[in-house]
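A, B, ... follow the sequence lines: proteins, then strands. Residue 1 opens every chain. If you're wondering where the values come from, they're calculated on a predicted model, not measured in any experiment.
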Protein chains: 2
Amino acid sequence: MNTLSYGLLSLLNRNSRTGYELMQHIQPFWQAKHSQIYPLLAQLEQKGHVQFVHVPQSDKPDKKVYSLTELGREALRQWILKPTDEPVTRDELMLKVYCIGLVDRDQARKVIEDREVFYRQRLLKFEKSYEQLQQNCEKRLDELGLQDPQFSHYVLLHKALARVKGDLAWCDWVKAKL
Amino acid sequence: MNTLSYGLLSLLNRNSRTGYELMQHIQPFWQAKHSQIYPLLAQLEQKGHVQFVHVPQSDKPDKKVYSLTELGREALRQWILKPTDEPVTRDELMLKVYCIGLVDRDQARKVIEDREVFYRQRLLKFEKSYEQLQQNCEKRLDELGLQDPQFSHYVLLHKALARVKGDLAWCDWVKAKL
DNA sequence: ATGATCATGTAATAAGTTACATGATTGT
DNA sequence: ACAATCATGTAACTTATTACATGATCAT
């Protein structure tokens, strides 16, 4: 059982989903392609951590809707208590910045500006999610309790938003220096 | 040529280093073990991007000090101009938080507090680097120019520091909610 | 004595990406 | 026409981790 497998169980604890949907929704926390997810789901099913129902569709291709079993839920609880792996970040930009003196001001500026565009798109996406969360939630977000199904989504969005804003501020700060 | 290979060249552009040192110094930007780095250095040497001198040592094991060739420096310049890959972050904690409602308050608190310890250690390490940078740099850090060899180090430390501080603030904020 | 740091390397495995494969619907 | 989205899966390949291997100093 690797981390991604537990990640899939973690998402399924909230909603029953297809492999395709899992692939889309796990992206902010863990980048993975469908080719990695489908085999893992088959493994999890064999272990009895998840089960699926085959749902035929006429307009779109048929799908398999996976759901978490009680065994899977217990595995999740055990996993949470185990020591958490250190976060891994691999950012090509940081490696480029380390030798940015090799190119001239304009070229250096462009490297940063391209990343800024990427961060701004992310910010928009996260802000959209934030609005959606507020809409389908009658309570005030900051009053949500631990047991509330929306709670952790809110907590994660808060982190993601703070981080992108920080990253954008850095882009701005460093551009002024170039 | 993968990103890590360019990363090694990027470090070597600043200082000539051994594989062991490269392994240590690339960690903040790109997590890689020595078993990945040594074979890549051999490849880079065959391509003529780096060269090395064998340095015998009496107390410690002998070492190979690698340095960047002009061919390697030119490869770096080309790489900087190519589109930059999106950053990849894989954080088990985020996946755990997504299903944190499965455990009780105290257990949830501990998950966050463990990560807080990790972030605080990082903060200390970065702050130490910051002091070191200030010591062997007669100019004021914020007046450093693009060509200054210390410039990008300062720019990267600034980002790393801001990020850890943000992450710690999030831990604090979320703990108050649990 | 036991583990940590320095220093290099290879072998085996696991994890992740890209490419191949199919096929309908919807929008430009 | 052409690309995008939905939906699943496998095969080939690259990348990254863990384990194996050696061996000297230094601190606890």
Side-chain angles (χ1 to χ4, degrees), chain A residues 1-8 11 15-47 50-66 83 85-92 95 125, chain B residues 1-8 11 15-46 50-66 83 85-92 95 121 125:
Chain A
M1 285 284 285
N2 57 24
T3 307
L4 179 54
S5 298
Y6 284 112
L8 296 171
L11 294 214
N15 293 305
S16 292
R17 290 190 182 283
T18 66
Y20 191 84
E21 289 174 316
L22 286 168
M23 181 263 292
Q24 291 180 311
H25 288 90
I26 209 165
Q27 294 307 317
F29 318 123
W30 203 275
Q31 290 77 52
K33 319 274 159 160
H34 71 272
S35 54
Q36 201 181 359
I37 287 170
Y38 289 124
L40 287 180
L41 281 172
Q43 273 178 234
L44 288 169
E45 197 262 340
Q46 278 201 319
K47 285 178 193 151
V50 299
Q51 48 189 179
F52 68 88
V53 272
H54 201 257
V55 178
Q57 293 183 124
S58 50
D59 50 336
K60 296 173 203 171
D62 297 356
K63 59 184 180 182
K64 291 177 175 179
V65 177
Y66 286 86
D85 287 340
E86 296 183 0
V88 171
T89 309
R90 290 204 175 89
D91 189 350
E92 193 175 25
L95 297 170
K125 211 177 59 183
Chain B
M1 285 286 287
N2 59 23
T3 305
L4 179 54
S5 298
Y6 284 113
L8 296 172
L11 294 213
N15 294 305
S16 292
R17 289 191 182 282
T18 67
Y20 191 83
E21 288 175 318
L22 286 168
M23 180 263 290
Q24 291 179 310
H25 288 90
I26 209 165
Q27 294 307 319
F29 318 124
W30 202 274
Q31 290 76 50
K33 317 276 160 159
H34 72 274
S35 54
Q36 201 182 359
I37 288 171
Y38 289 124
L40 287 180
L41 280 172
Q43 273 178 236
L44 288 170
E45 197 262 340
Q46 279 202 319
V50 299
Q51 47 189 182
F52 69 87
V53 275
H54 200 257
V55 178
Q57 293 184 127
S58 50
D59 51 335
K60 296 174 202 169
D62 297 356
K63 60 184 180 181
K64 292 177 174 181
V65 177
Y66 286 87
D85 287 340
E86 295 182 0
V88 171
T89 308
R90 291 203 175 91
D91 190 349
E92 194 176 24
L95 297 170
Q121 284 172 345
K125 210 176 58 183

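Of all nucleotides listed (C/dG16, C/dA7, D/dT17), C/dG16 comes nearest to the side chain of B/Arg90. Taking the side chain of B/Pro61 as heavy atoms from C-beta on, and the options C/dC6, D/dA7, D/dT25, the nearest nucleotide is C/dC6. Between D/dA7, C/dA7, D/dT25, one nucleotide has an atom nearer to the side chain of A/Lys63 than all others, and that is D/dA7.
The separation between B/Met23 atom CE and C/dT8 atom C1' is 10 Å, rounded to whole Å. Distance, B/Leu41 CG to C/dG9 C1': 12 Å, rounded to whole Å. The nearest whole Å value for the distance from the CD atom in A/Gln36 to the P atom in D/dA7 is 21 Å. Regarding A/Gln43, its CD atom lies at a distance of 13 Å from the P atom of D/dG9, rounded to whole Å. Across the protein-nucleic acid pair, B/His25 atom NE2 and C/dC6 atom C1' stand 13 Å apart, rounded to whole Å. Between A/Lys33 atom NZ and C/dC20 atom P the separation is 15 Å, expressed in whole Å. When rounded to the nearest whole Å, the span between OH of A/Tyr20 and P of C/dT25 equals 16 Å. If you measure from atom CD1 of A/Ile26 to atom C1' of C/dT17, you get 16 Å, rounded to the nearest angstrom.
Between B/Gln57 and D/dA24 there is no side-chain polar atom (N or O) within less than 4.0 angstrom of OP1 or OP2. Listed pair A/Tyr38 / D/dG9 fails the phosphate criterion, with no side-chain N or O lying under 4.0 Å from OP1 or OP2. Using a 4.0 Å cut-off, no side-chain N or O of B/Lys64 falls inside it from OP1 or OP2 of C/dT8. Checking the phosphate oxygens (OP1, OP2) of C/dG16, a side-chain nitrogen or oxygen of A/Trp30 falls inside 4.0 Å. A sub-4.0 Å separation between OP1 or OP2 of D/dA7 and a side-chain N or O of A/Gln24 is absent. Phosphate contact (OP1/OP2 of C/dT26, side-chain N/O of A/Lys60, threshold under 4.0 Å): absent.
Looking at A/Thr18, its side chain has no donor and acceptor atom pair within 3.5 Å of the base of D/dT8.
Nearer to the 5' terminus of DNA chain C, by closest-nucleotide assignment, is the contact made by A/Asn2 (compared with the other of A/Ser58 and A/Asn2). Looking at which nucleotide of DNA chain D each of A/His34 and B/Ala32 is closest to, the 5′-most match is held by A/His34.
Side-chain contact between A/Gln31 and B/Arg90: present, with at least one pair of heavy atoms (C-beta onward) separated by less than 4.5 Å. By the 4.5 Å heavy-atom criterion applied to side chains, A/Tyr6 and A/Met1 are counted as neighbours. Looking only at side-chain heavy atoms (C-beta outward), A/Thr89 and B/Asp91 stay at 4.5 Å or farther from each other.
Taking each heavy atom of B/Tyr38 and B/Tyr20 in turn, the nearest pair found is OH-N, 3.7 Å.
Looking only at distances, a side-chain donor or acceptor of B/Gln27 sits under 3.5 Å from a matching main-chain atom of B/Ala32.
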